[in-house]
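Below is one structure, written out as structure tokens; comments come after it.
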Amino acid sequence: MRLKIVAGNWKMNMLKEGGENLASEIVKLVSEHKLDNSIKLILSPPAIHLANLSSILDGQTQVSLAAQNVHQELKGAFTGEISASILASFGLEYVIIGHSERRQYFSESDQLLAQKVKAALEQNLQVIFCCGEGLEVRQAGNHLAYVSKQLTNGLFDLPKESFEKITIAYEPIWAIGTGETASPEQAQEMHAHLRKHIAAKYGNDIAENTSILYGGSCKPSNAKELFACADVDGGLIGGASLKAKDFIAIAQSF
């Protein structure tokens, strides 16, 4: 059975006290609402919060932490960067790689992302690998091939046993921060296509056990409809993850 995941990407938000309060409230609400054990919640704050929030989440089996980025080298003279080995030493389980903002604003190529994925996996981190198309690609009708190529270039050099540590997050870039949302039919089409693409490379067993998340303006009002799609296994949540009640409401939408 595929893991159901609701991951909150805080991006560059939350001051120290606000981050502590948000994480604490999420932990409290998880306990109060008794979420199904098949649902995994992941919080991905700015890196400076990670050590502090790990204390708040200590003992939590249903809530994990993810870094928003990682460097491709394990150590060295790379001022301002954080390696997979450092993240692992702090007990992190997950790292987000390939987010559209990293691709767009920091010019991260498929080749660089492939190196980051390998570095993370070598340190036993689980990877949430992001992929997705912009509006021009979608309007041209090339979205399926475009996103498939992102997976091929970023992940398909991995052996089967490594790919089992990958979660895919599909981001329709045209629906991030715009208020637009892919329809359930559009989300299902892409998710099913990506699962088929994975199956062609790694076989049906791995494809059927790979969680594929939707990452485009998912919120309490549309999560239930999106999560009802056969190949949508949860969400990578942006703005709605900054409000504990909204985040938990999304997790209750399965």
Q) Charged N to carboxylate O below 4.0 Å: is that the case for K16 and E20? A) yes
Q: Might you work through the side chain to side chain contact (heavy atoms under 4.5 Å, CB included) test for L35 and F254, ending with a clear yes or no?
A: CA-CA 10 Å; L35 293 178; F254 287 103; over 6 Å; no
Q | Qualifying residue for side chain to side chain contact (heavy atoms under 4.5 Å, CB included) with F163, from V117, L121, N209, T210 | A | T210
**Q.** Of V127, L125, N124, the residue whose pairing with K165 passes side chain to side chain contact (heavy atoms under 4.5 Å, CB included)
**A.** N124
Report yes if the side chains of [X] and [Y] come closer than 4.5 Å at any heavy-atom pair, otherwise no.
X    : Y    : result
M12  : E101 : no
Y94  : S64  : yes
R103 : L113 : yes
P45  : L65  : yes

**Q.** CD/E17: more than 12 non-hydrogen atoms of other groups inside 6.0 Å
**A.** no
**Q.** Heavy-atom neighbours of F78 CZ exceed 12 at 6.0 Å
**A.** yes
Q: Show your reasoning for whether side chain to side chain contact (heavy atoms under 4.5 Å, CB included) applies to I168 and D233.
A: CA-CA 10 Å; I168 305 297; D233 304 308; over 6 Å; no
Q) Checking side chain to side chain contact (heavy atoms under 4.5 Å, CB included) for the pair K196/L144: CA distance, chi angles, key distance, verdict? A) CA-CA 11 Å; K196 183 177 178 181; L144 298 178; over 6 Å; no
Under a 3.5 Å distance rule, please check whether [X] uses its side chain to pair with a backbone N or O of [Y] as donor and acceptor.
X    : Y    : value
K4   : S38  : no
N222 : K219 : yes
S217 : A175 : yes
D231 : L194 : no
Y202 : E164 : no
S24  : N21  : no

Q: Please find out if less than 6.0 Å separates the ring center of H197 from that of F156.
A: yes
Q) Do H99 and E171 have a side chain donor and acceptor closer than 3.5 Å? A) yes
(Q) Quick one about W174 and E133 (side-chain donor to acceptor, distance below 3.5 Å, no hydrogens or angles considered), yes or no? (A) yes
Q: Decide yes or no on side chain to side chain contact (heavy atoms under 4.5 Å, CB included) for N37 and Q62, but give the supporting numbers first.
A: CA-CA 7 Å; N37 288 333; Q62 206 162 358; 4.2 Å; yes
(Q) One pair to check against side chain to side chain donor-acceptor pair (under 3.5 Å): S85 and K75. What are the steps and the verdict? (A) CA-CA 8 Å; S85 54; K75 62 180 181 179; over 6 Å; no
